[in-house]
Every structure is written in C-alpha cells, then in structure tokens.
Student: 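If you scroll down you'll find the structure; I have some questions about it.
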Amino acid sequence: MSGFPILTVMLAVPAFAAVACLFVNAQSARWLALAATFVDLALGILLWANFQTGDGAAQWQFVEHVRLFGIGGAEFAWALGIDGFALLLIVLSVFLMPICIGASWRSIEKRVPEYMAAFLATEVLMIGTFAAQDLMLFYVFFEGGLIPMFLIIGIWGGANRIYASYKFFLYTLLGSLLMLIAILYMILTTGTTSIPALMAHDFPPHVQTWLWLAFFASFAVKMPMWPVHTWLPDAHVQAPTAGSVILAGVLLKLGGYGFLRFSLPMFPEASAQFIWLVFALSAVAVIYTSLVALVQSDMKKLIAYSSVAHMAIVTFGLFAFNAQGVEGAMMVMLGHGVVSGALFLCVGVIYDRLHTREIDRYGGLAINMPRYAVLFLLFTMASVGLPGTSNFIGEFLSLAGLYQVSTLYALLGTTGIILGAAYMLYLYRRVAFGDLTKDDVKAMPDLDLREFVMLGALAAVTLWMGVYPESFMKPMRGDVQKLVARLERAAPAGDSAPTVGKPAPAAAEHGEHAAAPAAHAPKGAPAEASAHGEAH
Amino acid sequence: MSAIHFIVFLPLLAAVVAGLANKSFGSTFPKVITTGSLFIACALSWPIFLHFLTGNFGPDTMVYDANAIPGGGWVAPVFTWMLSGSMQVDWALRVDSLTAVMLVVVTSVSALVHLYSWGYMSEEPDQPRFFAYLSLFTFAMLMLVTANNLVQMFFGWEGVGLASYLLIGFWFRKPSANAAAIKAFVVNRVGDLGFMLGIFGTFLVFGTIDIPTILAAAPNMHGSTIGFLGHRFDTMTVLCLLLFVGAMGKSAQLGLHTWLPDAMEGPTPVSALIHAATMVTAGVFMVCRMSPMFEQSAVALGVVTFVGAATCFFAATVGTTQTDIKRVIAYSTCSQLGYMFFAAGVGAYGAAMFHLFTHAFFKALLFLGAGSVIHAMHHEQDMRFYGGLRKHIPVTFWTMLFGTLAITGVGIPGIFGNTAFGFAGFHSKDAIIEASYAAGQTSAFWVGVFVALLTSFYSWRLVFLTFYGKPRWAGSEHIQHAVHDHHGHGHDDHHDSEAEASDHAPTADEILHGHHPEGTAGYHPHESPWVMLVPLVLLTLGAIFAGFVFHGAFIEPSAGESYWRGAIAFNEHLMHAMHEVPVWVKLSATFAMLSGLAIAYGAYIVSPSFPAKFAEAFRPLYLFSLNKWYFDELYNFLFVRPAFAIGRLFWKKGDEATIDRFGPNGAAKVVQLGSFGAARLQSGYVYAYAFIMLIGLTAALTWVIAR
C-alpha cells in the first residue's frame, strides 16, 4: 500500500459525500450516504487486510505526513497513521456506519439531507480521531466529533432533546478545556506535536500527575465513568436509533482510546499513581449502574446504564497494566461496540412499530416476531458475556488481568456477570416472553429484509469475535506488548503474590492434614502463619 | 476428522439446521435430524468407552489426527481460541477414561430423551425449537466434558446454562416458567463468579489454563500461600474452593440449589436429560477432573464433603413431603448429587463417578417414567390425585419400579464371600457409604446411611402414592377437564398445564385437612406410545445392570487403577479399605433401605391416614420441610428485594437527586440565576445607565487617586 494515502481517502470520501448530500433531495441523500459509507467499509477492510503484523512489522503503518505550519518550534502537520488499536477502532467505525444509515432509512423523515451529512461528518471525525498522529489534529477531530452528535440529538431527537444535548455538552465542556490546556503545555515544553514522539517522551512524575488529571477529566466523561455518567442515559434516550448506535458503538470508545493512547503510554507513573481512583470508580460503576439498570422501565435507559457498567470493565482492564488486561479492554470495546449497537438497533426496530420505549408496553414478541426474538436473544446473551460471543473474550481477559493486580476488585468486577444476567434477562423476559395480550403488539410484523440484514451482520460479527477472536487480537498484539513493556516500570505488584510450594510428601495419606512446616516458607513467614490460621 | 469431532459437532450442526429450518419443512424434518445425529453420536461414543474398558488406550484405531496423551487417551485439536500474553486457549477435544464415561452418559441419555420427546411433545406446535434446544444442550455438554482447558470447560458450562435457561422457559407464555428460567441462569451465575475467579487464580499461579499442565504442577504446590482479599491462605485451598463454588452452582448444592426445583417448569424430558442425568452432574465431573488439585487441599476436600453431606440430607428431608411428582424427583436428584460430592470429598472419586454413571440411568428413567405418568394423567402432576395406576399403565409401572429398586439400592451385599449383586444404585451408593467409613469420615458415613433411609422412604412413597391404593383422580382439575372435554383439545391447555401444580402450591392446611375424593371420575389413563416406552425399557436395563457390570472399572482397586490411568486421582488404598470395612458397615445401607421401605409401606399402604396424623403431630417440622427450609423466602428477603430497592435508591437519590442536581442542573441553575440578574440590569432607562456609569467613573477615579 505504499504511496496511496488510504487514510486521507477514507476521510475524504465521507467528507465530500457530506457536502454533496446538502445539495440533493432526501432519497438521493440516503443513497449517497449509503454508498459513501460502503466505500469506506471497503477501504477499511482493505486497511485491515494490508495491516502488517508479527515481528518486523512497523508500529505505525499507512503513515502520511504533510507539514502545515509551525509556531515557536512546534510544527503542526497533517499527520496520519495507525497502529493496531487505531486500526480496529476504525474498522469498527466503518462497519457500524452503513448500519446506521440503514437504520435511519425510513425512521428519519425530516431534513434527511442534513441528517445524512451530519452522520457522514461524524464518520470523518471518528476516523480522524483514531488516525491522527498530530496532537492538535487529534484535538480538533476529538472535540469536533461532538458537534454533529449535538445536532443529531438536538434536531432529530425525542421530546426532551434540548435538555439531553445541553447536558451532553456541559459535561464534555469542562473536560475538553482542561485537556486543551494540558495539550498546549505538552506542545510548548516538548516542542513537538507528534503523538508517537510524545508516547516515548518521559515527563517528570510531578508534571505527569497534573497532565494525567487534565486528560482524565476529558476521558472519564467520554467513557463515561461514574459519577460523570448521567449524560449518557439522557443522550441515548433522546437520540434517534442510529444516533444511539454510533454513540454506544464508537463515541464511547473515545475515552478508552484516549487512556490507551495518551494516559497510559505518556504518563505511566501518574497512571500507576491513580490506579486506586480508577479502580474505585470502576467498581462503583459496575455495581451501582447495574443495580440502576435493573429498575429501569425505559429500554434505552436500561441499555445505556448497562453500557456504563461495561465500560467500567474496560477501565479495569486498562489499568491492570498487563497484556490480558489491555487486550481484554480492547476486546470489550470492540464487542460492546457491536453488541450495544445491535441492542439499540433492536430497540429501534420495535420503537419504529409501536413508538414507545416503555418495556411494559411490550411482551410476547417471541410469538409474532420469532426472527426478531432470536436475534435479540443472541445480543442479550452477548451482552451478558456468554462464552462464544464477543463480550466474553473481553470481559474474561480484562478480569483475568485485573485479578493479577487486585483480587478484591476482580471479585467486585466479576459481580457484574451476575447483575448483568439479572437485568438483561429481566428485560428480555418482559419484551419477548410472556403471552401476547396487547392488540397493538399483536399487530407488529416480524423483521423485514433491511432490518434482518443489519441485525444479521451484527450477529455474525458477534459470533466471529467470540469463536475466533484471533482475527481481532492479532493486529494489536505487538502494540499491546509495546505498551505493557512501557508500563512495566510503573506496574503495580499484585496482591496475590503466591509463594513457591514444594512437592507433597510422597505417601501423604488421604484425609490427614499435611501442612508444610512454616520453616519451608520461602518468604513472608508471618503471612504464612496467618494462612495456616485461616486454613484451619 | 475423527469420531470425537463427529460426536461433538453433529449435535451442534443438527441444532443449527433444526433451528433455522424451524417449521419451514414441517416438524418431522428437524426431529429426524436432531434425533438421528444424537443416535449416531451415541453409537460412536460407546466404542470409545469400551475401548478404554478393554484397556486399549492409544489413539491408534480411533482417530487419525490427534495427539496421544500420557496415561492413555488423546486430544483432538480444533483451532486456537484466544492468545493473550502468556495465556493460550485452544478449542480441543480431550478423550480419556473420564471423558469416555461422560460421553456415553450424555449421548445415551440424550438420544433416548430425543426419542421419548417424539411422543411426549407430540401435541406441541413448537417442536422444532424444542429439539434444536435439546441438541444445542448436548453439544454444549459435550464441549464441557471434552475440555482440555478450564476456559473451554467454562464455555460448555455456560452453554449448558443457556440451553437450560431456554428449555426451562420453553413454555415462555407462562410467567412461572420465565421466572424459573431467569432464576436458574442468575443463581448459576453466582456459582460462575467463583468458577471465573478460580480460573483467574489458577492462571495466576500456574501461568496456564491447560488442565493437564495444571494437574501435573499441582502436587508441587505444597505449603504455597496466596493473597486473597487482603489475607493470605493456602494456595490450593483458595483455588479449589473458588472452583468448587462453580460446581455448587451447577450441581445445585446447598445454598445455590434453589433453582433446581423451580427448573421443573421445563418439559419433563428436559428434566430427565438436563436436571437429572447430565448438566447437574457437571459439578461432580469438574471436581473429579480437577481431583489431583483437590487432593492437595485437605481443607477444600473437607468443605466438599461437608457441603455434599449437608445437601444430601437437606434435599432428602424436603423430598419426603413434596406432593408434586417432579419435585420429589428433583429433590431426590439434589440429594444424590450430594452423595456424589461427599464421595469426592472423602477421596473416592471413582465412586463419585460411578454414582454419577448409574444415577444417570435410573434418574433419567424415573423422570421419564414420571413424564409417562403425567402424560397418562392428562398433565396432572400432584401425586395426591394419583393412586392405583399400576393396572392402567403397566409398562410405566414396572419400569419405574425397577428405577426405584435401583435408586434405593436393593441388592445382596457381598458379606458371605459371595459376589455382591444388586441394582445399579446398590453398587454405587453403597460404595460411597463404605468409602466414607473407610476414609474415617464417620459423620459423613452416618449422614449417608440416614439419607439412604430417607431415599428409600420418599422413593417408595412416590411409588405407593402413584401406583397403589385406590384411584383419587376425581379431585384433579386436569382429570375433570379431560373428562368433560372428551375430545380434549390437545395443546391449547398444554402450555399452562405443567406449571399449574406449582402455581397452586398447596398450603399445609389443604394437605392436612383437604380430602381428596376417591374415584376415577370416569377417566381412563392410557399407556404411553412406544416411542416413550422404548427409552424407558432401555434405561431400565441400565438401572438393573449398570452397577453390576461396570463396578470393576469404576471402583475395584486394581481394575479401577487400570481403567482410570490417572484421569482422576484414583485412590487405590481407599478402594482397598472400602472392601475391608466391617460387615455391619456393609449391611447398614441395606438395613436403612429396608427401614425406609417398611416405613413407606406402613404409612401409605397399611395405614394411609398415618401421614396426616404424623404431620399434625410434628407440624413445625413438617412445615419446615414442606416449605423447603424457607430458602426461597430468605433469599427473596436478603437479595432480590434489596437489589431492586437499592437500584431504585441509586437511581432516584444518587443519579437524579445528587449527581444531576449538583452537577449539570446545578450549573444550569447558576447560569440561570446569573442571567436573571444580568437581565434585571438591562432595564432600558437611560438615567439608570447614566447612574451606573457615574458610579463606575467614581470608582475608577477613586482607585487611581487612592493608589
């Protein structure tokens, strides 16, 4: 792929299409947007297929660099390039976009050209965020991505859309400003805007602390982490279906990507210093938002709260500082992107028919919408983290990574699998099971071809990621190794610290308590003594 | 491809095809596909088992592309699943003597249950879905038993959980079935929490999740300690107990058992396959698979023994008072699983697997027999409305009688130098009781003996209430319904039929004082069709001979050693000691069995008014048992209601009244107040502006002058 500026093309295609959409009628805008997103999907697959992995593969591939202007020694450049993390998130974005366009095909009737333009603009900004190698360029894409989302919620949203988009804006504002200050400081002190260069730069620890906090303010909101999560349920509830899909599918990944790209590699010491904070907030999020999800009566709100709980598993994994944790976190991001997108689409399908999100208005859909019920069940099970589906891989690996750092937080994090099963199955039961008693629900037709294709594609990817995740884990393996190697100097010691054992006495009679003499304990004799106390 | 690939993946293929085809080609096609593939899988499984029985352990004749493993058996690779850092997880199918036992149990019972369902579910419109679920279950169970690593075992573990959820909730129109399905899944997840933490801990300690590697390293862990939740414990104790929590969930052990009785909401063939013969024994299988690990922790084994014995006792006491025929058998299953666990706990893994093996046959038989009774009685499940059925459904009666002889352990102990001979349960259960005595676990031994009495009592109670005495059918709403609606419109009422017995759970007073009118109400029960009777007869053969034929390989010291070949931590010394126990120990189980039979005979044949009087006299005790020790009520109070209440509290008081109020809404309020103030200043009166300008000027001048 030498020479061909594929990343720029991937940005240009939707950008031109977005402008073109504004000058055509509704139906043409739909087709134009669909075509543009499919072109980007094709380019994304090309990108994936040509991405080099294994030994000797460059960390940054498809690099493009055009100098724009310089101020005070710092150069601003049109610098693009991707590593494995960025590749996978770009692939996720371009995969979800045609589905979003498809989901809006009939349900959006007013201002269609503008709507399609807004979606294409979102795509440009998302790809740009993941592909940017220049810090200022990143910031522009990162913050710019919110603008079309404001518009999508604020113009095509539900009844309370103004409040939701305002809340969304307010939360993001503070974090963004702090991050901008930190970015300016970094550029001025290091004299470079290159992200790869900054990832190798060692800031003094006390500086790291402040920079980490400034970035954290932005990423924690985007994630979202408890307690700055309350914008998400409102935004989801008010957003149109496709808006929710892209919000849950990709925009929620910006926070995790930020941690992965900035906080961890640029500020390893500060990240280690704040592990307690991240873990504590994540643990609260898992339990708190899962319980809140249990009592929701609005489907979208329920899934939104479940997203907060899932994203907490991501932060758990990232701050475990080991390969399983980081890879697991990435897999949760990808899996959640597909599965929660699919769940919002499932809600959209029945919302289009009955125009309500109230769970209790439904019931018995397995009877008159069997195909819908099967796919919805698959995504419910994936959300619950059933092995064989995408989310299991991520959850399992990140929690396995977490266990190596803290057994307590691993225990708290793993309770998510119980609570998750409770609220998702309870939702599914109320929507799909039970008898079909309501006349308007009885009249709902099963999936049409368009809906079936969209959900079917998502289902296929969910199973693919669950059964053969290697396709997704291979591109990021090298990057994970590099990140873990960089973090190693700050990595926390785990609380398990198993001591070395010795072979059992040859003829240990069964039933006897053959405790080893304390003298043989390699280290930590007091701990050894207490262990025996506990054991008996 | 090799036999094992076909055994495992044929059911999956059948499930997918049947599920996708659904009703497109009628219901016969999916039934043929699923049942056919299960019979093929079964036919391929028995040779593997016999292969091991005859001492041929190499992969030579059986497979083409598999790797032989030490101790006998082989691993057939599929492909890599996960590769993360130093963690490598493969999809692979392991076959050794332990797997071989499970293969025949799973495929045989599953094939027979598929066949039986042709008759039992014949009125059901959704048959393709049912058969697809059954085959999906079988696939997941086979993945579980062929796992060569802990994560694939967890895959199967959760897969059977999913199938169980779907099948319990098969009649999804019924609220009670849905509730039971969710309960089963969520309670199992509590166990899975332990299992997952156990896997994490095992990976942390051994650096691998590969089972053979872990088991090989386990004996070197003596004296190792590990930190867990801020304290330090013996490493192997922590790991084993975490894994055991998983086993407790899946095998419905005391504390995590509450889902199993409710799971009877599912169709009866499901109860026979999943909730008796196979899935619920997964926990026992796991403990046996990991037995070299458990052998390293006396504490963990003590816990296993205690939990097993406690469950065994608890479930048997509850089983004595239940009136729903399926619930009696469900509690019986729970209790028998307890036996298996305490066998494992005392180190008699061979005996645990042996009981698992024989239990699969006789318990599947009892469940399918119960299904046949329910079928004959027009979906009435309450034994109080049965009676005198032995003349009407003779095949069902005789097969269930043999099943009862097997579960109660009827046989002649080998005390006079003769070879012991008896029905299946006699060999396996007596082995457990004797092994617990030989291992020096006298309290477990006495519990085992006492529960043998209870087992005999509730099993014979079931037989006497169902097949003996005078017909009491007239009181049953189902029967009245059937008689009045002579032409019986099949499936319409079928959906809510099985649940009704539990819906109108009888109060104690109803049971004590309500009288059940005798009489047939003009109803004529019919024997089930041949597709249902053939599985019953075949399982009866298992219930009669499985113990006698196979006891050598499972529990005899030398034959066992050469059969197991390290697949479980087979304790040859213990097995020797088991055969050397005093004569009174050998007789104790038989004596307990006879006492239980005698009590049941006295109470339900000789003097049928006695049970009511007894219950009246010991009312609190009776109610305690009838209400299942009040576990459901307790859990509702402790977990379910608080979870909802706390969720609501967090939502309303946390998110809305605190975070939003002081966060975005607070900020909005501040801005609003500020702009309100600013707006007030924009009055539009020129003199006001002039005045403010004057004040400003004065202030500025003052500042300039004063500084």
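Naming: A, B, ... by sequence-line order, numbering from 1 per chain. Nothing here was measured: the structure is a model prediction, and the numbers come from that model. Every heavy atom of this structure was used, including side-chain atoms; hydrogens, water molecules and symmetry mates were not.
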Student: Do A:Leu291 and B:Arg648 come close enough that some side-chain heavy atom pair is under 4.5 Å?
Tutor: no

Student: Determine whether A:Leu411 and B:Leu193 make a side-chain contact, defined as any pair of heavy atoms from C-beta on separated by less than 4.5 Å.
Tutor: yes

Student: Within the distance-only criterion (no hydrogens, no angle test), does the side chain of A:Arg429 pair as donor or acceptor with the backbone N or O of B:Asn178 below 3.5 angstrom?
Tutor: no

Student: Can you check whether B:Phe155 and A:Phe392 have ring centres sitting under 6.0 Å from each other?
Tutor: no

Student: Which value, rounded to the nearest 0.5 Å, describes the distance between B:Ser84 atom OG and A:Met330 atom CE?
Tutor: 12.5 Å

Student: Measure the acute angle between the ring planes of A:Tyr403 and B:Phe228, then classify it against the limits of 30° and 60° as parallel, tilted or perpendicular.
Tutor: tilted

Student: Identify the two heavy atoms, one from A:Ala323 and one from B:Gly85, that lie closest to each other, and give their separation to 0.1 Å.
Tutor: CB-CA, 3.8 Å

Student: Do B:Leu204 and A:Pro498 have side-chain heavy atoms sitting under 4.5 Å apart?
Tutor: yes

Student: Is B:Trp81 reaching over with its side chain to a backbone N or O of A:Gly466, donor-acceptor style, under 3.5 angstrom?
Tutor: yes

Student: Which one, A:Val480, A:Leu399, A:Asp495, A:Leu397, leads in non-hydrogen pairs under 4.5 Å with chain B?
Tutor: A:Leu399

Student: Keeping A:Arg477 on the side-chain end and B:Leu83 on the backbone end, is there a donor-acceptor pair under 3.5 Å?
Tutor: yes

Student: Would you name the heavy atoms of A:Tyr288 and B:Phe650 that are closest together and state the gap between them?
Tutor: OH-O, 3.0 Å

Student: B:Ser86 versus chain A, heavy atoms under 4.5 Å apart: side chain, backbone, both or neither?
Tutor: both

Student: Where does A:Trp226 contact chain B at under 4.5 Å (heavy atoms): side chain, backbone, both or neither?
Tutor: side chain

Student: Check each atom of B:Leu242 against the heavy atoms of chain A and say whether the ones under 4.5 Å are side chain, backbone, both or neither.
Tutor: side chain

Student: Working to the nearest 0.5 angstrom, can you tell me the gap between A:Ile418 CD1 and B:Phe639 CZ?
Tutor: 10.0 Å

Student: Identify which part of B:Met87 has an atom lying under 4.5 Å from any heavy atom of chain A, answering side chain, backbone, both or neither.
Tutor: both

Student: If you count heavy-atom pairs under 4.5 Å between each of B:Tyr165, B:Trp157, B:Trp91 and chain A, which one has the most?
Tutor: B:Tyr165

Student: Does some side-chain heavy atom of A:Leu294 sit less than 4.5 Å from a side-chain heavy atom of B:Trp651?
Tutor: no

Student: Is it the backbone or the side chain of B:Phe203 that comes under 4.5 Å from a heavy atom of chain A, or both, or neither?
Tutor: side chain

Student: Please rank A:Tyr171, A:Tyr163, A:Phe396 by heavy-atom pairs under 4.5 Å with chain B and give me the top one.
Tutor: A:Phe396

Student: Taking A:Met473, A:Gln296, A:Met381, A:Gln481 one by one, which has the highest count of heavy-atom pairs under 4.5 Å against chain B?
Tutor: A:Gln296

Student: Please look at A:Tyr305 and chain B and tell me whether the side chain, the backbone, both or neither of the residue comes under 4.5 angstrom of a heavy atom of that chain.
Tutor: side chain

Student: Measure distances from A:Glu327 to the heavy atoms of chain B and classify the residue's part below 4.5 Å as side chain, backbone, both or neither.
Tutor: side chain

Student: Run the numbers on B:Asn220 and A:Val500 for side chain to side chain contact (heavy atoms under 4.5 Å, CB included), then give the verdict.
Tutor: CA-CA 9 Å; B:Asn220 299 326; A:Val500 179; over 6 Å; no

Student: Which answer fits B:Leu229, side chain, backbone, both or neither, if we ask what part of it has an atom under 4.5 Å from a heavy atom of chain A?
Tutor: both

Student: If you count every heavy atom of other residues, nucleotides or ligands that lies below 6.0 Å from B:Glu572 atom CD, does the total exceed 12?
Tutor: yes

Student: Say you draw a straight line from CG of A:Leu386 to CZ of B:Phe154; how long is it, rounded to the nearest 0.5 Å?
Tutor: 8.5 Å

Student: Under a 4.5 Å cutoff for heavy-atom pairs, which residue among B:Val190, B:Val205, B:Ile646 has the most contacts with chain A?
Tutor: B:Val190

Student: Given heavy-atom pairs under 4.5 angstrom as the criterion, report whether the side chain, backbone, both or neither of B:Val187 touches chain A.
Tutor: neither

Student: Of the listed residues (B:Asn188, B:Leu162, B:Thr235, B:Leu197), which shares the most heavy-atom pairs with chain A below a 4.5 Å separation?
Tutor: B:Leu197

Student: Using the rule given for side chain to side chain contact (heavy atoms under 4.5 Å, CB included), can you reason through B:Arg232 versus A:Thr499, listing the C-alpha separation, both sets of side-chain angles and the distance that settles it, and then say yes or no?
Tutor: CA-CA 10 Å; B:Arg232 290 198 76 81; A:Thr499 57; 3.7 Å; yes

Student: Report the distance from atom CD1 of A:Ile393 to atom CE of B:Met82, rounding to the nearest 0.5 Å.
Tutor: 4.0 Å

Student: Of the backbone (N, CA, C, O) and the side chain (C-beta and beyond), which part of B:Leu649 lies under 4.5 Å from a heavy atom of chain A, both, or neither?
Tutor: neither

Student: Among A:Leu408, A:Val228, A:Val374, A:Val467, which residue forms the greatest number of heavy-atom pairs with chain B at distances under 4.5 Å?
Tutor: A:Val467

Student: When only pairs under 4.5 Å are counted, which of A:Ser290, A:Gly364, A:Ala366 shares the most heavy-atom pairs with chain B?
Tutor: A:Ala366

Student: The test is ring pair (Phe, Tyr, Trp, His ring centres under 6.0 Å); show your working for A:Tyr423 and B:Phe644 and say whether it passes.
Tutor: CA-CA 10 Å; A:Tyr423 63 72; B:Phe644 279 89; over 10 Å; no

Student: Any chance you could measure A:Ser496, atom OG, to B:Phe233, atom CZ, to the nearest 0.5 Å?
Tutor: 11.5 Å

Student: Considering only heavy atoms and a distance below 4.5 Å, find which of B:Gly194, B:Gly169, B:Ala179 pairs most often with chain A.
Tutor: B:Ala179

Student: Side chain to side chain contact (heavy atoms under 4.5 Å, CB included) for B:Arg189 and A:Val384? Distances and angles first, verdict last.
Tutor: CA-CA 10 Å; B:Arg189 277 267 159 146; A:Val384 164; 3.5 Å; yes

Student: Rounded to the nearest 0.5 Å, how far does CG of A:Asp435 lie from CH2 of B:Trp171?
Tutor: 14.5 Å

Student: Please walk me through it: do B:Arg173 and A:Ile367 pass side chain to side chain contact (heavy atoms under 4.5 Å, CB included)?
Tutor: CA-CA 9 Å; B:Arg173 290 166 202 251; A:Ile367 299 166; 3.5 Å; yes

Student: Between A:Ala400, A:Ala421, A:Gly494, which shows the greatest number of heavy-atom pairs under 4.5 Å with chain B?
Tutor: A:Ala400

